[in-house]
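What you see is a predicted model; the values in this text were computed from it and never measured. Every chain is numbered from 1 and lettered A, B, ... according to where its sequence line falls, protein lines coming before strand lines.
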Protein chains: 2
Amino acid sequence: MTRRRGEIPFLLAMTYRAMTEALHERIAAEGREPLRPAHGYTFRLLLDRGGATSVELAEHLGVTKQAASKIVAELEDWGYVERRPHATDGRARVLALTDKGRAYVRHADDMWADIEDRWGEVIGAERLDRIHEDLRAYVDEVAGGRAVLRPIW
Amino acid sequence: MTRRRGEIPFLLAMTYRAMTEALHERIAAEGREPLRPAHGYTFRLLLDRGGATSVELAEHLGVTKQAASKIVAELEDWGYVERRPHATDGRARVLALTDKGRAYVRHADDMWADIEDRWGEVIGAERLDRIHEDLRAYVDEVAGGRAVLRPIW
DNA sequence: TAAAATGGTCAACGCGGTTGACTGCATTGA
DNA sequence: TCAATGCAGTCAACCGCGTTGACCATTTTA
């Protein structure tokens with residue numbers, strides 16, 4: 001297999017794009033709120049680092065605190081996230097997933113896993129393992145582990 | 001290596017994001033116009049299918065013809081693209097890369113190749129080949145070859 | 001304890017897309 | 001052959017989702 005040098009980033013983009021499209025189709029089919037990547041990344045942060053604030057979310061997403069606030073406001077409206085007063089800091093508000101939020105994360109994980117599995121059916125599970133390792137290697141070693149998932153749309 | 005099912009799409013996003021950031025840093029460092037993915041995809045179309053029109057570009061990018069027109073107008077202003085009258089169709093205008101446009105494509109390809117190479121240094125060229133195959137397999141077999149590169153930048 | 005820093009909000013704006021209406025050329029078919 | 005329909009392209013208005021900037025209230029620092 002010959003490949004043009006520099007083609008892989010394009011394929012990466014196309015693959016990711018196709019996967020997100022597949023996900024959005026499912027979300028739309030379920031009649032769910034129009035959840036964007038930023039929302040997904042928010043869920044993941046709140047799951048990993050319980051007790052985050054809007055400012056921390058902003059840093060995590062790589063957006064301004066105002067933008068992060070808007071995202072949180074939406075998620076609160078939809079009942080996925082709650083804002084509670086901070087225990088010691090009167091200015092801050094602590095973000096937390098509601099039950100609905102946690103249930104959605106599980107559901108979303110399932111959907112992503114399904115999409116990943118479709119790929120695995122074509123190329124095999126071992127290849128998927130390798131890809132996982134190799135992507136991690138790029139993110140950690142080339143990109144320096146910068147885990148900013150700036151929502152790109 | 002154990003991996004969480006459904007994690008790969010996230011890693012795909014992070015990797016692509018890190019790569020585009022690396023590219024943008026280089027473009028910015030060169031003092032070049034703020035070229036976005038949509039512009040890159042446009043260059044590629046014009047290189048592959050000479051004589052495309054705005055409507056064809058719109059289909060390729062997955063945007064409206066109005067949006068495609070705006071993109072072309074920018075590229076024309078910057079001197080990367082020309083619009084020439086269509087040989088037989090008085091309504092249509094044929095898009096073509098200028099010399100500057102072609103030179104930029106070569107340059108951009110080099111930059112992407114460099115970024116890809118950095119990855120290759122970490123994981124090895126054979127792995128890169130596999131990844132190339134596997135990404136192609138997803139795009140072609142799972143996503144049905146839908147090559148719409150809707151610019152999400 | 002005054003000054004500076006920080007979490008959060010409100011308002012105005014901008015970029016890059018969308019929808020909708022329109023012009024003028026091209027194609028179709030009675 | 002020529003009216004009806006279709007299609008390339010443009011103009012204008014709008015919209016989503018981010019930004020910048022100003023501000024308040026609380027906390028931290030000196």
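When each of A:D89 and A:T64 is assigned the nucleotide of DNA chain D bearing its nearest heavy atom, the one mapping closer to the 5' terminus is A:T64. Mapping A:P34 and A:G90 onto DNA chain D by nearest heavy atom places A:P34 closer to the 5' end of the strand.
By the side-chain hydrogen bond (donor to acceptor under 3.5 Å, both in side chains) test, B:R127 is found to be paired with A:D134, residues two or more places apart in sequence or in another chain being considered. Residues passing the side-chain contact (heavy atoms from CB on, under 4.5 Å) test with A:R4, sequence neighbours excluded: A:E7, B:R44, B:D109. Every side-chain hydrogen bond (donor to acceptor under 3.5 Å, both in side chains) that A:E74 has, sequence neighbours left out, goes to A:R36, A:H39. Not a single salt bridge (Lys or Arg N to Asp or Glu O under 4.0 Å) links B:E126 to another residue, sequence neighbours left out. Contacts of A:A137 classified as side-chain contact (heavy atoms from CB on, under 4.5 Å), with partners at least two apart in sequence or in another chain: A:E141, B:V122, B:I123. Partners of B:A113 under the side-chain contact (heavy atoms from CB on, under 4.5 Å) rule, at least two apart in sequence or in another chain, are A:R5. Annotation: salt bridge (Lys or Arg N to Asp or Glu O under 4.0 Å) contacts of B:R118 (sequence neighbours excluded): none. Take B:K100 and apply the side-chain contact (heavy atoms from CB on, under 4.5 Å) test, not counting sequence neighbours, and it matches B:E33, B:Y80, B:T98.
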Which donor-acceptor pairs under 3.5 Å do the side chains of residues 85-94 of chain A make with protein atoms, sequence neighbours left out?
residue: A:H86; atom: ND1; partner: A:T88; partner atom: N; Å: 3.1
residue: A:H86; atom: ND1; partner: A:T88; partner atom: OG1; Å: 3.4
residue: A:H86; atom: ND1; partner: A:D89; partner atom: N; Å: 3.0
residue: A:D89; atom: OD1; partner: A:R91; partner atom: N; Å: 2.9
residue: A:D89; atom: OD1; partner: A:R91; partner atom: NE; Å: 3.2
residue: A:D89; atom: OD2; partner: A:R91; partner atom: NH2; Å: 2.9

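In this structure, CG of A:L57 is placed 18 Å from P of C:dT6, rounded to the nearest angstrom. A:R93 places its CZ atom 16 Å from the C1' atom of C:dT6, with the value rounded to the nearest Å. Here the C1' atom of nucleotide C:dG16 and the NE2 atom of B:H39 are 10 Å apart, to the nearest Å. Atoms CG (B:L61) and C1' (C:dT18) sit 15 Å apart, rounded to a whole Å. Atom pair B:E33:CD and C:dG16:P shows a separation of 14 Å (rounding to whole Å applied). Between the OH atom of A:Y41 and the P atom of D:dG18 there is a distance of 12 Å, given to the nearest Å.
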Show the distances under 3.5 angstrom between N or O atoms of the protein and N or O atoms of nucleotides 20-23 of chain C.
residue: C:dG20; atom: O6; partner: B:Q66; partner atom: NE2; Å: 2.5

Close N or O pairs between protein and nucleotides 4-6 of chain D (under 3.5 Å):
residue: D:dG6; atom: N2; partner: B:R91; partner atom: NH1; Å: 2.9

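Looking at heavy-atom distances under 4.0 Å, B:A67 makes contact with a base. Note on A:S54: only backbone sugar-phosphate atoms sit closer than 4.0 angstrom, heavy atoms only; bases stay farther off. At the heavy-atom level, A:T53 lies under 4.0 Å from the strands shown only through sugar-phosphate atoms.
Contact check, A:R83 against C:dT9: a side-chain N or O comes under 4.0 Å of OP1 or OP2. Of the side-chain N and O atoms in A:S69, one or more sit less than 4.0 angstrom from OP1 or OP2 of C:dT9. For C:dG16, one of the phosphate oxygens OP1 or OP2 lies less than 4.0 angstrom from a side-chain nitrogen or oxygen of B:R36.
With D:dG9, C:dG17, C:dG8 as the candidates, the nucleotide lying closest to the side chain of B:I71 is C:dG17. Among C:dG8, D:dG18, D:dG9, the nucleotide with an atom closest to any side-chain atom of A:V55 is C:dG8.
Linking ILVMFWY side-chain heavy atoms closer than 4.5 Å, directly or via other members, places A:L97 and A:V55 in two distinct hydrophobic clusters.
Ring geometry, B:W119 versus A:Y138: the interplanar angle exceeds 60°, so the pair is classed perpendicular (tilted spans 30 to 60°).
The closest donor-acceptor contact from the side chain of B:E116 to the backbone of A:I8 lies under 3.5 Å.
With the end axes of the helix from C:dT1-D:dA30 to C:dA30-D:dT1 each set by five pairs, the angle from one to the other reads 20° at 10° resolution.
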